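Below is one structure, written out as structure tokens, with a few remarks after it.
Please read these numbers as outputs of a predicted model, since none were measured by experiment. As the structure lists them, so they are numbered: ligands from 1, and atoms in each ligand from 1.
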Amino acid sequence: MIKKVLVANRGEIAVRVMRSCREMGIETVAVYSEVDRKAMHVRYADDAYLIGPAPSAESYLRIDKIIEVAKKSGADAIHPGYGFLSENAAFSERCEKEGIIFIGPSAHAIRTMGDKITARKNMIAAGVPVVPGTTEAIRDLKTAVEIIKEIGLPVMIKASAGGGGKGMRLVKREEDIVGAISGAKSEAKAAFGDDAVYIEKYISSPHHIEFQVLGDKHGHVVHLFERECSVQRRHQKVVEETPSPIMRHDVRMEMGAAAVAAAKAVNYHGAGTIEFIVDDELNYYFLEMNTRLQVEHPITERVVGVDLVKEQINIANGFELPFVQEDLNQNGHAIEVRIYAEDPDNNFMPSPGIIKHITEPLGLGVRHDGYAYEGYEIPIYYDPMISKLIVWGKDRKEAIARLKRALYAYKITGIKTSIPYLVRILDVPAFIDGRYNTHFIEENQELLKPLKHCTDRCQDVAAITAFIDYLTKLEQRQPAVVGKDLANNWKDFGRKRAVLRL
Ligand code: MV4
């Protein structure tokens, strides 16, 4: 039985994992880098160990250091969270070798699904629909051109070692084939040390719909329905919801069965996600499997009523799943938005810095998974996602209204965040109607820009708050303002100190 879990991660997901551990009476161990001494996961854990300097290659990615801490601290299991070492087959293998339980899938499952060509072959053998295309790596250009003519343009050239949009090329014209293949190959070689690429027919206006699965170590696999993740910007998800507004009951059941078959094909145990690409006619094709807990897992938790981290730990313990497929249902509607420390009105530039003030939204149907607190400095070294807001409603309409209410109540000052941008998404007709695909962000760029009169008004309000801030400090006789000429000083002071986010 797992008694002590080392969480090999940081940020909101480390805290999220530790919360479930605490409820289960399991002790927690944090690891942290030099810039994370004051991070929330370090404070929340029962025990914490410094593992190295800020760059993740020298800290959160150091398998040797993390194993060493697990042993020193007496942790019997490691939860990798998402990102970092979560899909590293060698790490899963090393944990098992050291007698530490890896709370995640086997090295075999990670490896098979990590190599996209191998994954495609396995899915075809398991009867899971894949995008029409090749099942072997492209060997020579001549055969590649023949195959592409057979499939028909446009096609996608994808790196076998890639995934999540890395090492992908769209080819629309015959004369671009050779350049795209050699370009994709050298890009893949440089990024992954593996230049194997394959060809898929291009699905032109797809939806990204993924299925959550859970498998135990006794061969039982269930799915926990879908998540619609088509609102993405540069392969970064921005909004996720469940159920998908375009899904039909019969297709959902078919896709769920395909997701279960996909997981079974690699003897999957743990929590995983099967990504499908879906066209307007609801034809669906396997894209890839993510062999980890995902950022957007809370919407499934809310609608299906399952604590996925708790299930991961129970599975790692060797327990059988406590439910069968027929026990699981979708109840109501959940939406998640990701809050990034970046400036949506300045090309999404990262906006690290000190959180001056934070008020998280509360109330019926609202969940906030974050890690920032007042006085905490968001480091530049890691992913700029600072929190996730998850809402539930009895239906989609209620969930959207609740999300809007919660976003209006969410105040963060000191850094810029994507909150105003998220509010604008909720006002786009295509989103409100649930008629959107992966082109949503690019197709609605104009609607997603701030209104001119709004930016002007923000400037006015910023000036007023700067002045109030100045007067408050004057009243408190703070040295920075005392003895300075009020008429000339406050604006300058305000520019330096007051940061306002609406
Ligand atoms: C595709 C595609 C169209 N046709 N494959 C992007 C991320 C990676 N998981 C696969 N991706 C795509 N693969 C074929 N054959 C379009 C995309 C794609 C996309 C997919 C899901 C969500 C957002 C996307 C944005 C651009 C392209």
List every atom of ligand 1 that sits less than 4.0 Å from any heavy atom of T438, numbering the atoms from 1 in the order shown and giving each element. 21 (C), 22 (C), 23 (C), 24 (C)
Do Y60 and Y382 have their ring centres less than 6.0 Å from each other? yes
Tell me whether N290 contacts the main-chain N or O of T273 through its side chain, where contact means a donor paired with an acceptor under 3.5 Å. no
Are any of the N/O atoms in I203 less than 3.5 Å from those in ligand 1? yes
Which of the ligand 1 atoms, numbered from 1, are nearer than 4.0 Å to a heavy atom of V131: 15 (N)
Just jot down the ligand 1 atoms closer than 4.0 angstrom to any heavy atom of L287, in number order. 9 (N), 10 (C)
Select the closest option to atom 17 (C) of ligand 1 among H208, M156, Q232, judged by heavy-atom distance. M156
H235, E200, K158: member with heavy atom nearest to atom 6 (C) of ligand 1: H235
For F323, does the CZ atom have more than 12 heavy-atom neighbours from other residues, nucleotides or ligands under 6.0 Å away? yes
Could you tell me, atom by atom, which parts of ligand 1 come under 4.0 Å of a heavy atom of E288? 9 (N)
Polar side-chain atom of T143 near backbone of I138 as donor-acceptor pair, under 3.5 Å: no
Counting from 1 in the order shown, the ligand 1 atoms closer than 4.0 Å to a non-hydrogen atom of Y202 are 3 (C), 4 (N)
Distance under 4.0 Å to a non-hydrogen atom of K201: what atoms of ligand 1 satisfy this? 4 (N), 14 (C), 15 (N)
Report yes if the distance between the aromatic ring centroids of H368 and Y410 is under 6.0 Å, otherwise no. yes
Can you tell me if M168 has a non-hydrogen atom under 4.0 Å from ligand 1? yes
Atom 7 (C) of ligand 1: nearest protein contact (heavy atom, Å): G165 N, 3.4 Å
What are the two closest non-hydrogen atoms of G81 and S86, and how far apart are they? O-CB, 3.2 Å
For E275, the ligand 1 atoms whose distance to one of its heavy atoms is below 4.0 Å: 9 (N)
Can you confirm whether E150 is buried at CD, in the sense that more than 12 heavy atoms of other residues, nucleotides or ligands lie under 6.0 Å from that atom? no
Kindly confirm or rule out a cation-pi arrangement of R302 over F225, judged by NZ or CZ under 6.0 Å from the six-membered ring centre and within 45° of its axis? no
